[in-house]
Amino acid sequence: MTAIRLYGSSDSGNCLKTKWVAERLGIRFEWIETSSFSGATRTPEFLAINPAGQVPVAILADGRMLAQSNAIMLYFAENSDLVPKDAYERAKMLEWLFWEQYSHEPYIAVRIARKYFLNQREEDLDPVLLTKGAAALARLELQLQGAPFLVNGALTLADIALVAYTRAAPRGGFDLESYPAVKAWVGRVERELGLEPLPPVGQ
Ligand SMILES: N[C@@H](CCC(=O)N[C@@H](CS)C(=O)NCC(=O)O)C(=O)O
């Protein structure tokens with residue numbers, strides 16, 4: 001059977017989180033590097049695949065298309081230990097996934113993109129990105145002060161979704177030294193996923 005095709009950018013936490021889940025669960029896939037910075041998500045060919053013009057996109061073995069990083073992760077992880085069996089714990093995991101997309105990614109990922117990848121000057125960045133991003137890190141810190149993972153003491157999709165941009169937050173000008181529980185959790189999740197820590201910014 002044809003493997004799943006995963007269109008994604010290696011610079012994007014949204015894309016990497018789907019790749020990490022597939023790798024951890026031994027799901028066969030072909031990675032098709034598609035950078036939003038190079039305009040590859042705006043070509044007629046790509047828009048025919050995903051009219052929203054965004055990566056990640058999965059083309060399943062039977063040809064069906066699935067977009068949105070958290071939907072793709074959930075599809076891959078169905079019936080795996082990355083999704084709690086208990087209805088309340090599963091809903092708590094979803095609570096974090098929705099929070100990630102509304103209260104974390106729009107600030108931390110956007111600041112990383114503008115500052116690190118597009119080299120925009122500090123004074124040209126919307127100050128809200130810093131305050132709301134710091135608030136998101138403080139919320140994670142509160143949760144992780146008393147728990148090794150976000151939900152029910154074990155690795156779930158919530159950790160994978162949230163670690164994607166949190167580990168890269170220093171690229172957006174956020175200092176993880178101010179969030180020691182978050183920093184320790186990043187290391188824990190990286191070890192679970194077999195990821196090398198990102199090099200310090202500037203190296
Ligand atoms: N909520 C979407 C966000 C996807 C997204 O913003 N993708 C970016 C790369 S990280 C993209 O393709 N941007 C191109 C564009 O919006 O034109 C998800 O989680 O998949």
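Whatever order the structure lists ligands and atoms in, that order sets their numbers, starting from 1.
- Between the side chains of E33 and S10, at least one donor N or O lies within less than 3.5 Å of an accepting N or O.
- Sorted by chain and number, the residues within 4.0 Å of ligand 1 by heavy atom are S12, N14, S36, T41, R42, G53, Q54, V55, P56, Q68, S69, Q101, Y165.
- In E123, the CD atom is crowded: over 12 heavy atoms of neighbouring residues, nucleotides or ligands sit closer than 6.0 Å.
- Distance alone, capped at 3.5 Å, is enough to place a donor-acceptor pair between the R188 side chain and the P148 backbone.
- For F149, the CZ atom counts as densely surrounded, since its 6.0 Å shell holds more than 12 non-hydrogen atoms of other residues, nucleotides or ligands.
- Ionic pairing of E105 and K17 is not present here: no N-O contact between side-chain nitrogen and carboxylate oxygen is shorter than 4.0 angstrom.
- Within the structure, every pair that satisfies the ring pair (Phe, Tyr, Trp, His ring centres under 6.0 Å) test and touches residues 80-101, not counting sequence neighbours, is listed here: W96-W99, W99-H104.
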